[in-house]
Amino acid sequence: MFTGIIEAVGTITALTPKGKDISVTVDSGKLDLSDVKLGDSIATNGVCLTVVELTGSGYVADLSLETLKRTAFVNYRTGQKVNLEKAMLPTTRFGGHMVSGHVDDVAEVIERTHTGRAIEFWLKAPAHLAKYISEKGSVAVDGISLTVNAIRGDEFKLTIVPHTASETTMEAFTAGRKVNLEVDVIARYLERLMLGDKAAEPKSDVSMDLLARSGFLR
């Protein structure tokens, strides 16, 4: 579990194919890894990843095909900047909202404007997630806990103060950028509960050959 309060910005230094999966190596920058051990979780651009190796300057984690289907990682290359947050402790100040690190899908930045010292972004969510996004509700974008300030259909607005922009990757967001989106976890659970007995009915699974299209299997 995470809070969506970013602790550092890291850099992807390697993406290594591992059969149908990949491993990612991250230079963790100023993130304190002194209390991190193998098996611990670090949210990397909002994706909960398990540390499988500590390199001295960062860590290595594995990404499954499911993770590549659901996230923008399939588009990443070496040099990509990523938001980092270690898993929260029972004593952690809860400054954001409940973030699981289980990304729902990819959203797209469609507009960027400045209002005073703040930056306003409009993002387009996948249509199937629009129902979970509400005005003044919370979302996690690339792992950052943010408040939705306006809604227009499947699009939503974020207002970013200078501190958030400077301490995360959002300063570099421009139209067309793909970002990891995690909707409010409570909304997802409530929807499942409201299905009642219908929740046990089978649902078709849509598969995507993202590895081949991304070039990892070339």
Side-chain angles (χ1 to χ4, degrees), residues 4 6 8-15 22 24 26-27 29 43-47 49 63 65-85 99 101-135 137-184 206-218:
I6 302 305
V9 174
T11 305
I12 293 177
T13 57
L15 289 160
I22 66 171
V24 58
V26 178
D27 182 327
T44 307
N45 257 14
V47 183
L49 297 181
L63 281 80
L65 186 58
E66 170 66 14
T67 300
L68 293 170
K69 287 179 181 179
R70 295 270 188 169
T71 73
F73 258 97
V74 73
N75 300 312
Y76 292 175
R77 296 294 181 266
T78 56
Q80 173 90 28
K81 299 296 184 182
V82 286
N83 299 310
L84 304 177
E85 181 190 356
V99 178
H102 303 155
V103 170
D104 292 290
D105 211 327
V106 174
E108 181 179 353
V109 178
I110 59 173
E111 186 179 326
R112 171 180 174 147
T113 57
H114 288 262
T115 302
R117 294 189 304 129
I119 309 173
E120 290 189 344
F121 293 100
W122 278 96
L123 283 76
K124 185 176 182 64
H128 68 100
L129 294 179
K131 60 186 174 183
Y132 301 111
I133 302 172
S134 60
E135 188 170 346
S138 297
V139 292
V141 173
D142 276 356
I144 310 163
S145 174
L146 298 167
T147 300
V148 175
N149 284 326
I151 296 284
R152 56 186 188 199
D154 59 359
E155 299 171 359
F156 61 97
K157 184 175 77 171
L158 305 171
T159 303
I160 308 303
V161 298
H163 177 79
T164 301
S166 65
E167 294 298 315
T168 71
T169 59
M170 293 200 78
E171 185 66 62
F173 281 18
T174 56
R177 186 183 180 110
K178 300 296 196 303
V179 294
N180 296 320
L181 177 64
E182 182 185 330
V183 299
D184 182 60
V206 180
S207 62
M208 298 180 292
D209 191 11
L210 289 178
L211 278 175
R213 287 196 284 127
S214 69
F216 285 124
L217 298 183
R218 291 176 188 169

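Note that OH of Tyr76 and OG1 of Thr44 are 9.5 Å apart. Values are rounded to the nearest 0.5 Å. How far CG of Asp27 is from OG1 of Thr13: 6.5 Å, rounded to the nearest 0.5 Å. The line from CG of Asp104 to CD of Glu182 is 6.0 Å long, rounded to the nearest 0.5 Å. We find the CZ-NE2 distance between Arg117 and His163 to be 12.0 Å, quoted to the nearest 0.5 Å. In this structure, NZ in Lys81 is found 12.0 Å from CG in Asn45, a value given to the nearest 0.5 Å. Put simply, CD1 on Ile22 and CG on Leu65 are 10.0 Å apart, with the number rounded to the nearest 0.5 Å.
For the pair Ala107 and Ala125, the tightest heavy-atom approach, listed with the atom from each and the gap, is CB-CA, 4.3 Å. The two atoms that bring Ile12 and Phe73 nearest to each other are CD1-CE2, 4.0 Å, heavy atoms only. In terms of heavy atoms, Ala130 sits closest to Gly153 at CB-O, 4.3 Å. Nearest heavy-atom pair across Ala72 and Lys178 is CB-O, 4.0 Å. Counting all heavy atoms, side chain and backbone alike, Glu85 lies closest to Gly143 at OE1-O, 4.5 Å.
No side-chain heavy atom of Thr168 sits under 4.5 Å from any side-chain heavy atom of Asp142. The shortest side-chain heavy-atom distance between Leu146 and Phe121 does not fall under the 4.5 Å cut-off. Residues Leu181 and Ile133 have side chains in contact (heavy-atom distance under 4.5 Å, counting atoms from C-beta outward). Proximity of Ile6 to Glu167: side-chain heavy atoms (C-beta onward) are nowhere separated by under 4.5 Å. Residues Val141 and Phe173 meet the side-chain proximity criterion, which asks for heavy atoms closer than 4.5 Å.
Between the side chains of Thr169 and Asn83, a donor-acceptor pair is found at a separation under 3.5 Å.
Looking at Asp154, Val139, Val148, Val109 one by one, the single match for side-chain contact (heavy atoms from CB on, under 4.5 Å) with Leu123 turns out to be Val109.
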(message) Please determine whether side-chain contact (heavy atoms from CB on, under 4.5 Å) holds for the pair Met170 and Ile119, giving the CA-CA distance in whole Å, both sets of side-chain angles, and the decisive distance to 0.1 Å.
(response) CA-CA 9 Å; Met170 293 200 78; Ile119 309 173; over 6 Å; no
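Listed by chain and residue number, Asp105 satisfy the side-chain hydrogen bond (donor to acceptor under 3.5 Å, both in side chains) test with His128 (two or more places apart in sequence, or in another chain). Under the salt bridge (Lys or Arg N to Asp or Glu O under 4.0 Å) criterion, Asp184 pairs with no residue, sequence neighbours left out.
Between Glu171 and Arg177, none of the side-chain N atoms (NZ, or NE/NH1/NH2) sits under 4.0 Å from a carboxylate O, so this pair counts as no salt bridge.
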Can you give each donor-acceptor pair under 3.5 Å made by side-chain atoms of residues 155-162, sequence neighbours left out, with the distance rounded to 0.1 Å?
| residue | atom | partner | partner atom | Å |
| --- | --- | --- | --- | --- |
| Glu155 | OE1 | Arg152 | NE | 2.6 |
| Glu155 | OE1 | Arg152 | NH2 | 3.4 |
| Thr159 | OG1 | Asn149 | ND2 | 3.0 |

